2 protein chains.
Amino acid sequence: MTTSTLVPVFAALGDETRWSILAALGEGDASASALAGSLPVTRQAIAKHLAVLQEAGLVESLRVGRELRYRVLGAQLSETARRLESIGNEWDRRLSAIKRIAEGL
Amino acid sequence: MTTSTLVPVFAALGDETRWSILAALGEGDASASALAGSLPVTRQAIAKHLAVLQEAGLVESLRVGRELRYRVLGAQLSETARRLESIGNEWDRRLSAIKRIAEGL
DNA sequence: ATGTGCTGCAACCATATAGTTGCATCACAT
DNA sequence: ATGTGATGCAACTATATGGTTGCAGCACAT
């Protein structure tokens with residue numbers, strides 16, 4: 001299971017550039033250098049972002065000869081979504097409970 | 001519908017203190033001052049966090065006499081979760097497609 | 001052997017963020 | 001009328017973050 005801490009995942013997803021990187025990786029695995037070709041930031045900046053994403057468990061890296069390719073882990077996104085969903089439902093449930101009480105049912 | 005921009009929502013959720021605030025609000029609506037009583041930061045810090053959360057559409061505020069109470073909007077969490085889920089599935093789908101191709105099916 | 005291209009590390013800069021203190025102000029109750 | 005408790009605003013500090021440049025090192029192909 002991919003039970004990473006939730007907060008770093010959200011923090012990682014809270015940056016536009018990282019979404020650009022994820023989107024670019026959606027086209028297929030790519031190295032930091034390759035990504036630097038299609039994004040308006042330097043390779044080093046991308047490397048830092050990839051480190052953050054990897055730390056959050058959102059991408060994995062694989063060596064291919066002298067290059068380091070990155071791949072998106074969609075499962076981690078789904079997992080995070082499920083956990084967020086249940087939290088959201090929890091709050092909704094609580095609110096409905098309060099509403100029912102308020103309405104005297 | 002609560003179609004807020006996705007990134008600010010994640011950014012808002014990418015902070016421990018804000019989760020503490022959300023958790024505290026789960027106990028019931030509360031003002032910044034009230035929250036400051038149960039959290040280890042000052043009222044002003046909490047007020048800033050609440051502004052971020054409100055900007056992201058995660059909480060709403062309601063005036064009650066001289067105090068400003070905040071309430072969690074669970075629906076926004078669920079909405080965000082759904083959008084994240086579909087993105088995650090999208091990536092999974094793509095990966096399975098690649099796998100099928102690689103396996104010659 | 002050597003040049004090219006990719007990674008890795010370090011220093012550096014600017015801005016954003018999380019937090020603080022201090023003070024003015026406004027509403028409510030006595 | 002006045003005190004108390006809440007919000008609102010501003011200034012300030014420290015650290016984190018997103019970004020840069022520069023350089024060293026390593027792997028691959030010719």
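Computed from a predicted model, the values in this text were never measured in an experiment. As a basis for the values below, the full set of heavy atoms in this structure was taken, side chains included, without hydrogen atoms, waters or symmetry mates.
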For this session: Using a 4.0 Å heavy-atom cut-off across all strands, classify B:A32 as base, sugar-phosphate, or nothing.
Result: sugar-phosphate
Problem set entry | A:E16 CD to C:dT15 C1', straight-line distance once rounded to whole Å | 17 Å
Problem set entry | Distance in angstrom units between A:D29 CG and C:dC6 P, rounded | 16 Å
For this session: Please round to the nearest 0.5 Å and tell me the distance separating atom OG1 of B:T17 and atom NE2 of B:H49.
Result: 4.5 Å
Seminar exercise, completed: Reading nucleotides 17-30 of chain D from 5' to 3' and marking B where a protein heavy atom lies under 4.0 Å of the base, S where only the sugar-phosphate is that close, and - otherwise, the string is -SBBBB----BS--
Exercise. Would you call B:E79 and B:R82 a salt bridge, using N to O less than 4.0 angstrom?
Worked result: yes
For this session: In whole angstrom, give the distance that lies between atom CD of B:E55 and atom P of C:dA16.
Result: 15 Å
Exercise. Would you find a donor on one side and an acceptor on the other, under 3.5 Å apart, between the side chain of B:R43 and the backbone of B:A36?
Worked result: no
Seminar exercise, completed: Given the options A:L25, A:L22, A:L73, B:W91 meets side chain to side chain contact (heavy atoms under 4.5 Å, CB included) only with A:L22
Exercise. Name the one of A:Q54, A:R69, A:R71 that satisfies side-chain hydrogen bond (donor to acceptor under 3.5 Å, both in side chains) with A:S61?
Worked result: A:Q54
Exercise. Would you find more than 12 non-hydrogen atoms of other residues, nucleotides or ligands less than 6.0 Å from B:E60 atom CD?
Worked result: yes
For this session: Take the protein atom CZ of B:R63 and the nucleotide atom C1' of C:dA27, then report the distance between them rounded to whole Å.
Result: 9 Å
Exercise. Once you round it to whole Å, what is the distance between C1' of C:dA27 and CZ of B:R69?
Worked result: 15 Å
For this session: Round to a whole Å and report the spacing from CG of B:L13 to P of C:dA18.
Result: 12 Å
Exercise. If you measure from CG on B:D29 to CG on B:L62, what distance do you get to the nearest 0.5 Å?
Worked result: 5.5 Å
Exercise. What is the distance from CD1 of B:I21 to P of C:dA18, rounded to the nearest Å?
Worked result: 10 Å
Exercise. Could you state the CG-P distance from A:L50 to C:dC9, rounded to the nearest angstrom?
Worked result: 15 Å
Problem set entry | Worked check of side chain to side chain donor-acceptor pair (under 3.5 Å) between A:T80 and A:Q76 | CA-CA 6 Å; A:T80 303; A:Q76 177 65 54; 3.2 Å; yes
Exercise. Counting only N and O atoms by type, is there a donor-acceptor contact under 3.5 Å from the side chain of B:W19 to the main-chain atoms of B:L13?
Worked result: yes
Exercise. So what is the end-to-end bend of the helix from C:dA1-D:dT30 to C:dT30-D:dA1, with 5 pairs used at each end and the value given to 10 degrees?
Worked result: 20°
